[in-house]
Amino acid sequence: SRRLLAAWSALGDGYLDEVETAKNNLAVALLDAGEPSEALQLLEELADARDARLGRGHPTTLVSLINLSSAWETAGQPEESLRILQNIGATVQERFANAHPSLISFRSAYASALADVGRYEDASTLFLENARVHFERLGPNNPETLQAQANGAFTWANLKRTADAAKACEEILTAIE
């Protein structure tokens, strides 16, 4: 992957999208391989480059920042993940429609970061908003709908709202059957 990235980079500015995609893919591979520091460096460079070239409010820049946030979470730094998401939250919500995949991705990443720092009530609100949007767009039995419901149930369980968590789990199991 590093050789591919170097080859794309050598082609010049006409291939910026390809170079940036290669950087993102290499970062994901590095995270999966247990190399978070290198992955984070690449994702930071990518977010900075897209911010400079496209602007902070551009959808591609925002998605890069969401990916960077997820990488920080994967690297065991939920506070840094949360900081990034808080910085871009208003922009993401203004830029994307409620059912846009990037907004759904943002809400999911933000909810995960909130849960990781023990803010389960806030996390459950976001997870359940995603479940509602998935339900309306994809139906009650879609895997994404069920995953969003399960995430909400997890946060309820952490809040000791066991009846709500059990009800959500029961609905998920009924949908799967």
Between Gln77 and Glu73, do the side chains contain an N or O donor and an N or O acceptor separated by less than 3.5 Å? no
Donor-acceptor check, side chain of Ser112 to backbone of Ser108, threshold 3.5 angstrom: yes or no? yes
Residues Leu82, Arg119; criterion side-chain contact (heavy atoms from CB on, under 4.5 Å); working and verdict: CA-CA 11 Å; Leu82 187 57; Arg119 292 178 52 190; 4.1 Å; yes
Where at least one partner belongs to residues 129-156, residue pairs that pass salt bridge (charged side-chain N to carboxylate O under 4.0 Å, His left out), sequence neighbours excluded: Glu129-Arg132, Arg132-Glu136
Partners meeting side-chain contact (heavy atoms from CB on, under 4.5 Å) with Ser105 (sequence neighbours left out): Ile66
What's the shortest heavy-atom distance between Ala131 and Thr145, and which atoms? O-CG2, 4.0 Å
The test is side-chain contact (heavy atoms from CB on, under 4.5 Å); show your working for Val28 and Asp32 and say whether it passes. CA-CA 6 Å; Val28 169; Asp32 289 345; 4.0 Å; yes
Going by ring-ring contact (aromatic ring centres under 6.0 Å, His included), name the residues that satisfy it together with His100, two or more places apart in sequence or in a different chain. Phe96
Would you list the atom pairs, donor with acceptor, under 3.5 Å between side chains in residues 48-55 and any protein atom, with sequence neighbours excluded?
from  : atom 1 : to    : atom 2 : distance (Å)
Arg50 : NE     : Glu20 : OE1    : 2.9
Arg50 : NH1    : Ser64 : OG     : 2.6
Asp51 : OD1    : Arg56 : N      : 3.0
Asp51 : OD2    : Arg56 : NH2    : 3.0
Arg53 : NH2    : Glu20 : OE1    : 2.6
Arg53 : NH2    : Glu20 : OE2    : 3.1

Sequence neighbours left out, what passes side-chain contact (heavy atoms from CB on, under 4.5 Å) with Ala123? Give chain and number order. Ala111, Leu114, Ala115, Phe127, Thr155
Under the side chain to side chain donor-acceptor pair (under 3.5 Å) rule, collect the residues that match up with Gln86, sequence neighbours excluded. none
Heavy-atom pair with the smallest gap, counting every atom of Leu43 and Ala27: CG-CB, 3.5 Å
Ala71 and Leu31: which non-hydrogen atoms are nearest, and at how many Å? CB-CD1, 3.6 Å
Any chance you could pull the hydrophobic cluster mates of Ile104, using side-chain heavy atoms under 4.5 angstrom and chaining through other members? Val133
Name all residues meeting the side chain to side chain donor-acceptor pair (under 3.5 Å) criterion together with Ser81; count only those two or more places apart in sequence or in a different chain, and write none if there are none. Ser69
Residues in ring-ring contact (aromatic ring centres under 6.0 Å, His included) contact with Tyr120, at least two apart in sequence or another chain: none
When hydrophobic residues are tied together by side-chain contacts of less than 4.5 Å, even through go-betweens, does Leu103 share a cluster with Leu128? no
For Phe106 and Ile88, the nearest pair of non-hydrogen atoms, with its separation, is CE1-CG1, 4.1 Å
Closest non-hydrogen atom pair between Leu30 and Ala39, with its separation: CB-CB, 3.8 Å
Sequence neighbours left out, what pairs pass salt bridge (charged side-chain N to carboxylate O under 4.0 Å, His left out) with at least one residue falling in residues 90-107? none
Hey, does the side chain of Thr21 reach the backbone of Asp17 with a donor-acceptor pair shorter than 3.5 angstrom? yes
Tightest non-hydrogen contact, residues Asp116 and Pro78, listed as CB-CB, 3.5 Å
Partner residues of Asn87 under the side chain to side chain donor-acceptor pair (under 3.5 Å) criterion, sequence neighbours left out: none
Could you walk me through whether Leu26 and Lys23 satisfy the side-chain contact (heavy atoms from CB on, under 4.5 Å) test, starting with their C-alpha distance in whole Å, then the side-chain angles of each, then the deciding distance to 0.1 Å, before giving a yes or no? CA-CA 5 Å; Leu26 177 56; Lys23 271 188 180 183; 5.8 Å; no
What residues, two or more places apart in sequence or in another chain, satisfy side-chain contact (heavy atoms from CB on, under 4.5 Å) together with Glu44? Leu68, Trp72
